[in-house]
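Quick note on labels: first sequence line is chain A, next is B, and so on, each numbered from 1.
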Number of protein chains: 2
Amino acid sequence: MNMTNVLSELSNCSGVSEVLGRIGDKWTVQIVVVLSRQPERFNSIKRQVPGISQQMLTRTLKALERDGLVDRSVRHTTPPQVEYSLTKTGVSLAEAVRHLAAWAIEHREFIRDSRARYDDAR
Amino acid sequence: MNMTNVLSELSNCSGVSEVLGRIGDKWTVQIVVVLSRQPERFNSIKRQVPGISQQMLTRTLKALERDGLVDRSVRHTTPPQVEYSLTKTGVSLAEAVRHLAAWAIEHREFIRDSRARYDDAR
DNA sequence: CAGTATCCCGGTGGATACTG
DNA sequence: CAGTATCCACCGGGATACTG
């Protein structure tokens, strides 16, 4: 699909904002990035995402699993081990996010400065 | 900046989620896309973004202006005319968003199907 | 035309306690 | 270890009325 089509789809508001809202929440991207390095277990993810609560980690992982972006595999040992990993589509999301992250990092200072100037002007 | 650096920045949670949260709200992307075609006046934007309230359009445009992504120019006629346009950085955001939009469109069906299967399984 | 000013609801996400 | 279950605070965003 080329950029012209993408733009026309965008103008039709066809689910793009829906997806953006989906990954634009407080935790999804951070979890995807952690899993993009290697599969991880529940508490290992929790340690690598500072500030996240158990509940939100559970919720977000479930949502990612529901969307087919994350696989959940259980080893019935005692204690049980559960490993989370990105699916193929999940990996492609991580790639896409990396591009937006590049933009964010590149323009972070500019935005900070713009805000400071805007706020000073009042 | 290369992808390795981006990934390491991401793991440091350095403001990437902040930016994603910034543009991941309900209206920002749609407004940016409208303005990416050409500069527009207040009510023209409102007409092109179905469902947005006056208040949210005002709020979102102000936030974009504060971040240096949108320019606001006033013509002191009667009635007054106000034209909004993307700044250079705003244009680059539109480009970045277009990439993520491409991902969203490409994987929309897959996500819909995944959800349906997941929900059916309960 | 291009906004402000209020009021209010619902959902996201935090804290905490409990469980197989 | 890997979750569930509750309760609750905050605020994004809708509806509506008003203004220079």
Side-chain angles (χ1 to χ4, degrees), chain A residues 13 16-32 34-35 38-67 70-85 115 118 121-122, chain B residues 13 16-32 34-35 38-67 70-85 115 118 121-122:
Chain A
C13 306
V16 175
S17 292
E18 178 197 327
V19 174
L20 258 181
R22 171 66 192 76
I23 69 163
D25 67 7
K26 198 168 177 181
W27 302 112
T28 296
V29 165
Q30 295 184 59
I31 293 173
V32 166
V34 166
L35 292 180
Q38 56 181 321
E40 299 277 3
R41 292 171 57 188
F42 187 87
N43 279 312
S44 173
I45 301 173
K46 184 157 163 31
R47 278 187 294 273
Q48 294 179 63
V49 180
I52 194 170
S53 66
Q54 280 203 344
Q55 189 189 51
M56 287 313 298
L57 182 52
T58 301
R59 277 194 205 175
T60 309
L61 284 171
K62 270 216 175 86
L64 285 168
E65 190 194 355
R66 177 169 181 259
D67 289 352
V70 158
D71 263 338
R72 177 178 184 274
S73 73
V74 186
R75 291 197 152 271
H76 293 281
T77 57
T78 47
Q81 299 187 357
V82 181
E83 190 173 81
Y84 293 93
S85 57
R115 286 182 185 176
Y118 186 95
R122 343 269 127 178
Chain B
C13 306
V16 175
S17 293
E18 178 198 326
V19 173
L20 258 181
R22 172 64 192 76
I23 69 163
D25 68 7
K26 197 168 177 182
W27 302 112
T28 296
V29 165
Q30 295 184 58
I31 293 173
V32 166
V34 165
L35 292 179
Q38 55 181 323
E40 297 278 3
R41 291 170 58 187
F42 188 88
N43 278 312
S44 173
I45 301 173
K46 186 155 162 33
R47 277 187 294 272
Q48 294 178 64
V49 181
I52 194 170
S53 65
Q54 281 203 343
Q55 190 188 51
M56 286 314 299
L57 182 52
T58 300
R59 277 195 204 174
T60 309
L61 284 172
K62 269 215 176 86
L64 284 168
E65 190 195 354
R66 177 169 181 258
D67 290 350
V70 157
D71 265 337
R72 177 177 184 275
S73 73
V74 187
R75 292 198 152 270
H76 294 281
T77 56
T78 47
Q81 299 188 356
V82 182
E83 189 174 82
Y84 293 92
S85 58
R115 286 183 185 175
Y118 186 96
R122 338 272 126 177

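- Across D:dA2, D:dG14, D:dG13, the shortest atom-to-atom separation from the side chain of B:D25 is found for D:dG13.
- Side-chain atoms of B:N43 lie closest to C:dC1 of the nucleotides C:dC1, C:dG14, D:dA2.
- Here the side chain of A:R72 is nearest to one of C:dC1, D:dA2, C:dG13, namely D:dA2.
- The CD atom of A:Q30 lies 10.0 Å from the CG atom of B:L20; values are rounded to the nearest 0.5 Å.
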(request) Take A:T58 and A:Q54, measure what side chain to side chain donor-acceptor pair (under 3.5 Å) needs, and give me the verdict at the end. (result) CA-CA 6 Å; A:T58 301; A:Q54 280 203 344; over 6 Å; no
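- Regarding B:L57, its CG atom lies at a distance of 8 Å from the P atom of C:dG3, rounded to whole Å.
- Closest approach to the B:Q54 side chain among D:dT6, C:dG13, D:dA17 is made by D:dA17 (side chain taken as heavy atoms from C-beta onward).
- A pairwise comparison of heavy atoms in B:Y84 and B:L35 identifies O-CD2, 3.5 Å as the closest pair.
- Donor-acceptor pairing under 3.5 Å, judged by distance alone, is absent between the side chain of A:Q55 and the base of C:dT16.
- Checked against C:dC1, D:dC1, C:dA2, the side chain of B:P79 finds its nearest nucleotide in C:dC1.
- Minimum heavy-atom separation, B:T60 to B:R22: O-NH2, 4.3 Å.
- Contact check, A:K26 against C:dG14: a side-chain N or O comes under 4.0 Å of OP1 or OP2.
- Looking at heavy-atom distances under 4.0 Å, B:K62 makes contact with sugar-phosphate atoms alone, never a base.
- Contacts of A:R59 with the nucleic acid, taken as non-hydrogen atoms under 4.0 Å apart, include base atoms.
- Contact between the side-chain N/O atoms of A:R41 and the OP1/OP2 oxygens of D:dC1 is not found at any separation under 4.0 Å.
- Atom CE of B:M56 is separated from atom C1' of C:dC7 by 16 Å (rounded to the nearest Å).
- Here the C1' atom of nucleotide D:dC1 and the NZ atom of A:K46 are 13 Å apart, to the nearest Å.
- In terms of phosphate contacts, B:Y84 brings a side-chain nitrogen or oxygen within less than 4.0 Å of OP1 or OP2 of C:dG3.
- Across the strands present, D:dA15 finds its partner in C:dT6; the criterion is a Watson-Crick or G-U wobble pair with both atom distances under 3.5 angstrom.
- Residue-to-nucleotide proximity on DNA chain C shows that, of A:P80 and A:G24, the 5′-proximal contact is made by A:G24.
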(request) Please lay out, stage by stage, how A:I45 and A:L61 fare under the test side chain to side chain contact (heavy atoms under 4.5 Å, CB included). (result) CA-CA 10 Å; A:I45 301 173; A:L61 284 171; 4.3 Å; yes
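- D:dG20 and C:dC1 make up a base pair, with Watson-Crick or G-U wobble contacts both under 3.5 Å.
- In this structure, the NE2 atom of A:H76 is 14 Å from the C1' atom of D:dG3, given to the nearest Å.
- The interatomic distance linking B:L61 (CG) with C:dA2 (P) rounds to 11 Å, in whole Å.
- We find that CZ of A:F42 is positioned 14 Å from C1' of C:dT19, with the value rounded to whole Å.
- At whole-Å resolution of the value, CD in B:E83 and P in C:dC1 are 15 Å apart.
- B:I52 places its CD1 atom 14 Å from the C1' atom of C:dA2, with the value rounded to the nearest Å.
- Summarising the geometry of B:I23 relative to B:V29, their closest heavy-atom pair is O-CG2, 3.5 Å, with the distance given to 0.1 Å.
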